[in-house]
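In each ligand, atom 1 is the first atom listed, and ligand 1 is the first ligand listed.
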Amino acid sequence: MTQLCQETVLQEEAQRLYGLLLDVSRSKAVKWTQTDCEQAAPYTLAINQLKKEKNAIVLAHSYTVPELVQGVADFSGDSYALSLKAREVKEDTIIFAGVWFMAETAKILNPSKQVIIPAGKAGCTLADSITAAEVRALKEAHPGVPVLCYVNSSAEVKAESDVCVTSGNVFHIAEKLPQKELIFVPDLLMAQNIDIELKRRGTPKKIISAGGSCCVHDKYTPHQVNALRAQYPGITMICHPECYPEVCALCDYVGSTKGMQDFVAASDKKIFGMLTEFGLVNRLEAAHPDKQFIWPFGVCSYMKKNTLVNTYQAMTAPTPEQIITLPEEIIAGARKSLERMFELSK
Ligand code: 13P
Ligand code: SF4
């Protein structure tokens with residue numbers, strides 16, 4: 001390619017990105033400028049070209065940075081939608097912009113594919129809060145009680161569990177299981193939310209839980225909800241079920257990242273208080289320029305470890321830390337709990 005031709009391609013790519021990213025981050029002082037897009041363009045061009053050359057697909061969680069979600073992802077969504085998508089991928093390689101447990105889930109569901117996570121061992125305070133040995137101890141203490149594990153858990157924990165759940169189907173599956181007692185790991189706050197929701201539905205169960213929490217969602221407080229309602233009359237408050245039950249009780253909608261997107265899309269309200277991670281706020285701002293999103297902070301530093309630079313690097317020369325490998329017996333065990341989730345979600 002001649003230099004002039006290459007410059008034109010880069011400028012066109014920068015314009016494409018500017019069009020996509022212009023409306024992102026209206027809730028913050030930091031805006032995408034032409035210069036930001038010019039700097040991102042060589043990477044998005046190269047990554048999109050590498051996808052074709054290496055027969056790769058990029059899956060991104062909604063909490064990752066907008067230049068990945070908008071600029072290079074072939075699909076982005078919540079944990080459930082990403083799992084379904086990963087299961088049916090035909091390409092040779094899955095580049096998973098997300099956290100470690102999500103990339104592991106992709107590998108479990110489609111083990112013949114190479115799964116690469118640009119961020120390397122990007123943790124999650126929930127997934128890192130419990131081990132398979134601790135799940136075994138819970139099972140021994142409560143023989144015969146089925147174990148539900150939140151998808152935010154390691155492959156080993158999934159392999160010890162009977163059924164996996166995500167934020168989008170947790171209440172439905174907890175209700176649908178015939179048992180009156182359930183072990184739910186590792187999110188203590190979500191366990192409390194299950195308890196409350198099942199009582200509300202008239203199908204109460206005893207929920208035995210562990211002690212994990214999300215370091216983003218456990219920071220939101222009832223005081224914040226009340227303060228936002230006082231400051232913005234008519235505001236619609238939205239939160240994730242990883243929040244404290246006291247916070248959920250004060251909100252107008254509680255749901256997964258996909259549930260929140262659908263709720264906003266279907267609503268005729270104009271102003272929303274978002275008690276969730278900033279990446280989702282970015283997505284909503286891009287999708288709904290007519291709506292205002294108030295976000296009282298909340299950033300997942302693990303999700304933000306995925307960048308254009310390390311995605312490019314991981315696609316050209318991945319380090320062992322960026323490639324998901326799992327023992328076959330763990331894949332088999334974890335897959336059972338995930339497949340059970342797909343069956344029960346119907
Ligand atoms: P979702 O399944 O709702 O996308 O949630 C994943 C997550 O990590 C929330 O903190
Ligand atoms: Fe884990 Fe919380 Fe980050 Fe989600 S937002 S990946 S639950 S630490």
Both conditions, 6.0 Å and 45 degrees, for the charged tip of R87 above the ring of F342: are they met here? yes
Salt bridge flag under 4.0 Å for residues D252 and R229: yes
Before we go on, tell me: are the rings of Y18 and W32 under 6.0 Å apart, centre to centre? no
Are more than 12 heavy atoms, taken from residues, nucleotides or ligands other than K269, located less than 6.0 Å from that residue's NZ atom? no
The atoms of ligand 1 lying under 4.0 Å from a heavy atom of H61, numbered in the order shown, are 1 (P), 4 (O), 6 (C)
Look at C214 and state whether any of its N, O or S atoms is less than 2.8 Å from atom 2 (Fe) of ligand 2. yes
If the threshold is 4.0 Å, N to carboxylate O, is there a salt bridge linking E321 and K121? no
Just to be sure I'm reading this right: ignoring hydrogens, which of S83, C243, S167 gets closest to atom 3 (O) of ligand 1? Compare them by their nearest heavy atoms. S167
Regarding C215, does it place an N, O or S atom less than 2.8 Å from atom 1 (Fe) of ligand 2? no
Among L84, I57, L82, V89, which residue meets the side chain to side chain contact (heavy atoms under 4.5 Å, CB included) test with F75? L82
To which protein heavy atom is atom 3 (Fe) of ligand 2 closest, and what is the distance rounded to 0.1 Å? C300 SG, 2.4 Å
Looking only at non-hydrogen atoms, the one of N152, D128, V216, V151 nearest atom 4 (Fe) of ligand 2 is N152
Flag if over 12 foreign heavy atoms under 6.0 Å of NZ, K270: yes
For atom NE2 of H223, decide whether the heavy atoms of other residues, nucleotides or ligands shown that lie under 6.0 angstrom number more than 12. no
Just heavy atoms, cut-off under 4.0 Å: does N152 contact ligand 1 by side chain, backbone, both, or neither? side chain
The atoms of ligand 2 lying under 4.0 Å from a heavy atom of E242, numbered in the order shown, are 7 (S)
Salt-bridge test for E13 and R16: reply yes if a basic N is under 4.0 Å from a carboxylate O, no otherwise. yes
Check whether any N or O atom of D78, backbone or side chain, sits under 3.5 Å from an N or O atom of ligand 1, and answer yes or no. no
Note: E277, heavy atoms under 4.0 Å from ligand 1, region reported as neither
Mark up the atoms of ligand 2 that fall under 4.0 Å of a heavy atom belonging to T125, in ascending order. 8 (S)
Residue-level breakdown please: for E277 versus ligand 2, do any non-hydrogen atoms fall below 4.0 Å on the side chain, on the backbone, on both, or on neither? neither
Tell me if the CD atom of E53 is crowded by more than 12 foreign heavy atoms within 6.0 Å. yes
Could D92 and K54 be called an ion pair, given the rule that one side-chain N must be under 4.0 Å from one carboxylate O? no
Less than 3.5 Å between some nitrogen or oxygen of H240 and one of ligand 1, yes or no? yes
Show me which atoms of ligand 2 lie under 4.0 Å from any heavy atom of L126. 7 (S)
Are any of the N/O atoms in S256 less than 3.5 Å from those in ligand 1? no
May I ask you to identify, for Y80, whether its side chain, its backbone, both or neither come under 4.0 Å of ligand 1 on a heavy-atom basis? neither
Would you please indicate if the ring centroids of F101 and F96 are separated by under 6.0 Å? no
Side chain, backbone, both or neither: T166 near ligand 1, heavy atoms under 4.0 Å: neither
Taking all non-hydrogen atoms of both residues, which atom of I331 and which atom of I108 are closest, and how far apart? O-CG2, 3.7 Å
Could you check atom 2 (O) of ligand 1 against the protein and tell me its nearest heavy-atom contact, residue, atom and distance included? S79 OG, 2.8 Å
Using a 4.0 Å cut-off to any heavy atom of H217, which atoms of ligand 1 qualify? 10 (O)
Top protein contact for atom 9 (C) of ligand 1, by heavy-atom distance: E242 OE2, 3.2 Å
When you measure from atom 1 (Fe) of ligand 2 to every protein heavy atom, which one gives the shortest distance, and what is it? C124 SG, 2.4 Å
